[in-house]
Amino acid sequence: MKTTTLRNLILLVGLLLLIAAPSALAADSALGGTNWVLSTLNGQLPLAGTSVTLQLGEDGSATGSDGCNRFTTTYTASRSTISFEPAASTMMACPPAVATQAGDFMAALTTANRYQLRGGQLILLDGNRVLASFVAAKADLAGTTWLVTGYNNGREAVVSPLLGADIIVNIDDANLISGNAGCNDFFASVQATSSGAIEVSGIGATRRLCTNPAGVMEQEAEFFAALESAATFTVEGDFIELRNGDDAIAVHMVREQEISLPEPEPGVPTGRVTAPQGVNVRSGPGTNFPVLGVAPFGAEGEIIGRSANSAWWVVAIPSAPGGSGWVSADFVAASNAEDVPVIAAPPPPVVIVPTPAPTPTPLPPPPPTPTPQISFSANPTTIAQGACSTLTWSVENVQAVWVYPQGQPYQQFPQVGQGSQQVCPPTTTTYEMRVLLRDGTVQFRTVTVTVTPAAPQNPLSNTAWQVTGYNNGQGAVVSPLSGTTLTTRFDASQVSGNSGCNEYSGSYWVSGSNISIGTLAGGMMFCGETGVMDQEAQFQAALQSAVTFQFDGNRLTLRRGDGATAVTYSRLQ
């Protein structure tokens with residue numbers, strides 16, 4: 001459970017990257033010194049767990065990650081045109097779906113010939129066809145929380161934290177980190193440079209002695225040593241990696257995800273988070289259950305049950321497995337929850353402890369070790385989005401086996417020697433089976449379930465609207481002039497309508513709740529009524545400034561990149 005602040009290492013890393021970024025490209029381009037994270041590629045969201053980045057230098061350099069390998073190239077840009085030279089990249093092997101996405105991304109770079117900067121977004125185009133869109137990379141990581149997914153144990157192995165002993169790191173400022181290493185709270189000083197060098201020193205910690213889970217004190221000592229050994233760092237989206245002077249991994253960690261709690265209905269039992277750093281939401285009532293995410297300080301949600309000893313509340317979380325999660329009652333202020341039902345706890349995670357081999361005796365000689373038998377498969381291996389596949393495995397003559405999504409902490413997914421499991425991944429996912437043999441060595445098997453994404457939907461297509469207000473560009477949303485009617489119609493890819501005097505039309509693109517409206521063309525008629533021509537110019541400028549949209553029944557709102565209202569509509573019947 002997250003009871004202390006753990007916040008410093010990552011902020012430093014983010015600030016260093018910001019310092020290292022150049023500030024301008026060329027006199028004719030606004031791209032120099034900008035850093036971007038991919039948000040859509042050929043109309044699709046990036047694969048879950050991948051981070052595709054693009055850094056544009058003022059000297060014409062272009063670097064980043066295609067989600068699989070690092071790349072470097074050069075680019076030239078004017079006020080609206082752009083071109084990239086063929087790139088050089090590392091040659092790391094990746095799962096098929098990730099490698100395919102990486103190839104599509106590099107193809108989009110070499111194909112791009114135009115760009116647009118709209119509301120904090122970078123859009124790369126081939127003519128009028130959108131190839132990829134990006135959002136500005138986050139530079140300030142102050143106040144963010146990260147989970148350690150692996151650390152160097154000092155014996156030439158990178159291991160995951162023990163089940164029930166999460167290592168959490170919070171970023172406080174550019175020179176200080178703090179956290180919890182599974183038992184004790186800690187803090188440390190950090191110094192880093194714009195070239196990617198880092199030094200962690202002065203680690204201090206509380207002096208609690210913990211005996212559960214077994215090995216947690218050894219984990220703390222090994223983690224602190226790994227942290228102090230860090231010599232370089234890299235940040236890729238929601239992933240941070242520290243390496244030691246031998247370029248071996250010291251620590252790697254991922255950003256802790258924030259849980260979104262739906263607003264409770266009036267009168268239902270509710271709870272409010274009182275811990276200043278938020279509270280961990282877990283899959284069961286105990287610190288030995290995996291963390292689903294963090295509910296931030298002040299968040300309120302519906303309480304639907306409690307543990308038998310009243311030490312844990314069960315809260316409604318539609319996005320979580322089973323629609324609920326468990327939080328410690330010590331960090332929640334509950335109201336109207338006296339009569340909520342007792343909910344049985346799910347089975348706790350099982351950790352398979354390898355059985356030591358028997359001590360050999362001179363006589364009789366030990367029998368030969370049986371040959372291990374290992375099989376792992378998925379059926380089917382290709383599914384439509386929303387469908388499921390079945391993983392099947394069988395192992396014999398081994399010590400232990402785990403089956404888990406690749407990249408997850410394997411200790412949380414122990415299995416018996418033979419079994420099957422239904423999985424319904426939202427995106428293409430590689431599953432890994434880790435097998436501990438009787439001689440202490442480890443073997444791996446992998447299968448990939450390829451998910452065919454559903455075709456993107458455009459909810460605006462074939463709708464018509466009447467303007468009820470628009471941003472006049474002077475800090476106000478005003479109604480149309482009396483006697484004038486402003487309209488907008490959305491077809492599959494074209495927007496058209498009347499702006500009070502002239503008809504207009506142009507192209508537009510939709511991705512999720514994002515919208516981009518291109519240059520508008522229209523008639524040249526002059527209307528002499530007072531203010532009509534000014535209204536037409538202000539309305540069309542407001543329409544083209546929109547970057548997001550939102551439905552509310554028969555009401556449509558377009559918003560600018562700063563969140564201000566661009567245009568409001570009522571639906572035309």
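Sequence positions, counted from 1, serve as the residue numbers for this chain.
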Ignoring hydrogens, what is the shortest heavy-atom contact between Val332 and Gly271? Give both atom names and the distance. CG1-CA, 3.7 Å

Taking atom CZ of Arg571 and atom CG of Leu556, what is their separation to the nearest 0.5 Å? 8.0 Å

Taking Asn280 for the side chain and Arg282 for the main chain, is one N or O donor matched with an acceptor at less than 3.5 Å? no

Asn336 (side chain) donor-acceptor with Gly267 (main chain) under 3.5 angstrom: yes

Modelled atom types, side-chain donor and acceptor of Trp36 and Thr34, under 3.5 Å: yes

Begin from the C-alpha positions of Ser83 and Thr76 and carry the test side chain to side chain donor-acceptor pair (under 3.5 Å) through to its verdict. CA-CA 6 Å; Ser83 64; Thr76 56; 2.9 Å; yes

So, do Asn472 and Asp534 sit near enough that their side-chain heavy atoms are less than 4.5 Å apart? no

I'd like to know if the side chain of Asp66 reaches the main chain of Met106, judged simply by a donor and an acceptor atom lying under 3.5 Å from each other, with no hydrogens or angles considered. no

Any Tyr569 side-chain heavy atom under 4.5 Å of Gln466 side chain: no

Non-hydrogen atoms of Val451 and Pro426 that approach each other most closely: CG1-O, 3.6 Å

Can you establish whether the number of heavy atoms outside Glu85 located under 6.0 Å from its atom CD is more than 12? no

Should Leu520 and Val495 count as side-chain neighbours, where that means a heavy-atom distance under 4.5 Å? yes

Is a donor from one side chain sitting under 3.5 angstrom from an acceptor on the other, for Thr488 and Tyr504? yes

Is it the case that Gln535 and Thr484 place a side-chain donor and acceptor less than 3.5 Å from each other? yes

Distance-only donor-acceptor check, side chains Asp104 and Asn42, under 3.5 Å: no

The reported gap from CZ in Phe297 to CZ in Arg272 (rounded to nearest 0.5 angstrom) is 6.5 Å

Within a strict 4.5 Å, meaning less than it, do heavy atoms of the Phe84 and Thr74 side chains meet? no

Please walk me through it: do Gln550 and Ser513 pass side chain to side chain contact (heavy atoms under 4.5 Å, CB included)? CA-CA 7 Å; Gln550 178 181 2; Ser513 62; over 6 Å; no

Taking all atoms of both residues into account, what is the closest heavy-atom pair of Trp509 and Asn128, and its distance? CZ2-O, 3.1 Å

State, with a plain yes or no, whether a side-chain heavy atom of Ile383 is found less than 4.5 Å away from one of Val449. yes

Examine the side chains of Ser335 and Thr270 and answer whether a donor and an acceptor come within less than 3.5 Å of each other. yes

Main chain of Asn502, side chain of Glu536: is a donor-acceptor contact present, judged purely on distance under 3.5 Å? yes

Kindly give the heavy-atom pair with the smallest separation between Leu486 and Ser499, and that separation in Å. CG-C, 3.8 Å

Any side-chain heavy-atom pair from Val251 and Phe233 closer than 4.5 angstrom? no

Can you tell me how far the CD1 atom of Ile168 sits from the OG atom of Ser178, to the nearest 0.5 Å? 11.0 Å

Using only atom types and a distance under 3.5 Å, with no angle test, would you say the side chain of Trp313 pairs donor to acceptor with the backbone of Glu302? no

Looking only at non-hydrogen atoms, find the nearest pair between Ser516 and Gln116 and report the distance. OG-OE1, 3.7 Å

Any side-chain to backbone donor/acceptor pair from Thr429 onto Pro425? Under 3.5 Å, distance only. no

Does the side chain of Ser570 pick up a donor-acceptor pair with the side chain of Thr468 at under 3.5 Å? no

Less than 3.5 Å apart, any donor N or O on the side chain of Ser133 or Thr40 sitting next to an acceptor on the other? yes

From CA spacing to verdict: side chain to side chain contact (heavy atoms under 4.5 Å, CB included), Ile304, Ser324: CA-CA 8 Å; Ile304 60 176; Ser324 64; 3.9 Å; yes

For Thr565 and Arg559, which I'm curious about, is there any donor-acceptor pair between the side chains at under 3.5 Å? yes

So do the side chains of Leu261 and Ile317 get within less than 4.5 Å of each other, counting heavy atoms only? yes

Just wondering, do Tyr75 and Tyr115 contact through their side chains at under 4.5 Å, heavy atoms? no

Using side chain to side chain contact (heavy atoms under 4.5 Å, CB included), reason through Asn35 and Thr53 one step at a time and then give a plain yes or no. CA-CA 8 Å; Asn35 299 309; Thr53 60; over 6 Å; no

Can a side-chain donor-acceptor contact be found between Asn498 and Glu503 if the only test is distance below 3.5 angstrom? yes

When rounded to the nearest 0.5 angstrom, what distance separates CG in Leu41 from OG in Ser511? 10.5 Å

Side chain to side chain contact (heavy atoms under 4.5 Å, CB included), that's the test. Do Trp326 and Val281 meet it? Break it down for me. CA-CA 6 Å; Trp326 298 70; Val281 181; over 6 Å; no

Donor-acceptor under 3.5 Å (Gln101 side chain, Gly67 main chain): no

Does the side chain of Trp465 come under 3.5 Å of the side chain of Thr463 through a donor N or O and an acceptor N or O? yes

Between the main-chain N or O of Pro96 and the side-chain N or O of Thr100, is there a donor-acceptor pair closer than 3.5 Å? yes

Compute whether any side-chain donor of one residue and acceptor of the other, for Thr430 and Thr448, lie under 3.5 angstrom apart. yes

Short side-chain donor-acceptor distance under 3.5 Å, Thr428 and Thr450: no

Which heavy atom in Val327 sits nearest to a heavy atom in Val315, and how many Å separate them? CG2-CG1, 4.2 Å

Please report the interatomic distance CZ(Arg79) to CG(Leu117), rounded to the nearest 0.5 Å. 12.5 Å

Partner residues of Phe134 under the ring pair (Phe, Tyr, Trp, His ring centres under 6.0 Å) criterion, sequence neighbours left out: none

Once you round to the nearest 0.5 Å, how far does CG of Leu54 lie from CG of Leu122? 7.0 Å

For residues Tyr508 and Asp491, is any side-chain donor paired with an opposing acceptor at under 3.5 Å? no

